[in-house]
Amino acid sequence: MENDIKLVAVDIDGTFVRSDYTYDIPRFQRILSRMKNAGCHFVVASGNQYYQLRDLFPGYYNDLSYVAENGAFVKAETELIFAADMPKETVDFVVDTCREYPEIWNVLCGVESAYCERGRVNQEFFDLTSIYYHRLKWVDDFKQVNDQILKFAPTVPEDKTHFYYEILGKKLKGRLEPTTSGHGSIDLIVPGCHKASGLRRLAKRWGILPEQCAAFGDGGNDIEMLQYCGYSYAMDNASENVKNAAKHVCPSNEEDGVLVTLEELFR
């Protein structure tokens, strides 16, 4: 049976790439070429920064589309479709709220760059963060940053992820919504701005219905996207709540589950 999939969205960490951050490039490029021939768009949908995501696809990143920063930054190939713009008073309120908890190590994410605050995180944290944010700068005070702000990305002790998810949800209610992929990572995003909202913007632009979309994910921040798409695949390594949100389970990221499944869908 020939499928009618016109948009494929993939999460990156724990989904598309293996744990060593590699993927089978020649195999993916063969699949991508078959998808293009079938009139299907490939969308990278991640909480990570756009500049980091495009570096995963050197030489052909402009052929892909992006829902970056958990939906706060959306690009249709080379054209910017949407960028969130957090009000200054919200930025200041979040900065003050997070400063009440010294365990929260924060990253401020803007259109031009991401930022770490001197004196509140160490160099080791900055270096680790630069793996996910290829444009990252030191600043003295988040409140003085002159950029269009997309989201905050706090890191908390891993065993307290749920604790801080709950606290930040209550304290920031009506201003920002927390989303998490687990493991101590929380994103604070503009309400209604998640991966599914980014896909919706692209689908509308291309005249594609939700039932013509496929999504792959492994974390809590993928659930809206999996529920939105007619074809939804949780990775075998995904948590139970993610598997419950998807229609199918595919092999794990270590077993190249996305590529295995796409080869079946685009023969």
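A donor atom on one side chain and an acceptor atom on the other are found under 3.5 Å apart for Q123 and D127. With hydrogens and angles left out, the side-chain atoms of N253 and D218 include no donor and acceptor closer than 3.5 Å. There is no side-chain donor-acceptor pair under 3.5 Å between H194 and N70. Counting only N and O atoms by type, the side chains of E255 and S252 include a donor and acceptor under 3.5 Å apart. Looking at Y231 and K247, their side chains never bring a donor and an acceptor atom within 3.5 Å of each other.
No salt bridge links E254 with R18; every basic N to acidic carboxylate O contact stays at or beyond 4.0 Å. A salt bridge is defined here as a Lys NZ or Arg NE, NH1 or NH2 lying under 4.0 Å from an Asp or Glu carboxylate O, and E103 with K160 meets this definition. R99 and E117 are joined by a salt bridge, as a carboxylate oxygen and a charged side-chain nitrogen come within less than 4.0 angstrom of each other. Using a 4.0 Å cut-off between charged side-chain N and carboxylate O, D92 and K143 make no salt bridge. Electrostatic pairing of E100 and K171 counts as a salt bridge here, judged by a charged N lying under 4.0 Å from a carboxylate O.
Rounded to the nearest 0.5 angstrom, Q227 CD and N244 CG are separated by 10.5 Å. L136 contributes atom CG, which lies 11.0 Å from atom CD1 of I131 (distance to the nearest 0.5 angstrom). Atoms OG1 and CD1, from T179 and I189 in turn, are 5.0 Å apart once rounded to the nearest 0.5 Å. Summarising the geometry, atom CG belonging to L150 is positioned 7.5 Å from atom CE belonging to M86; distances are rounded to the nearest 0.5 Å.
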Using distance only, find each side-chain donor-acceptor pair of residues 104-113 under 3.5 Å and give its atom names and separation, not counting sequence neighbours.
unit_1, atom_1, unit_2, atom_2, d
W105, NE1, P102, O, 3.4
S113, OG, R135, O, 3.3

Would you mind writing out the side-chain donor-acceptor pairs for residues 60-68 within the sub-3.5 Å range, not counting sequence neighbours?
unit_1, atom_1, unit_2, atom_2, d
Y60, OH, Y23, OH, 2.9
S65, OG, E77, N, 3.0
Y66, OH, Y61, O, 2.8

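The distance between the ring centers of Y51 and Y133 does not fall below 6.0 angstrom. Between F142 and Y115, the ring centre distance reaches or exceeds 6.0 Å.
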For F163 and V156, what are the C-alpha separation, side-chain angles and deciding distance, and is it a side chain to side chain contact (heavy atoms under 4.5 Å, CB included)?
-> CA-CA 9 Å; F163 170 76; V156 300; over 6 Å; no

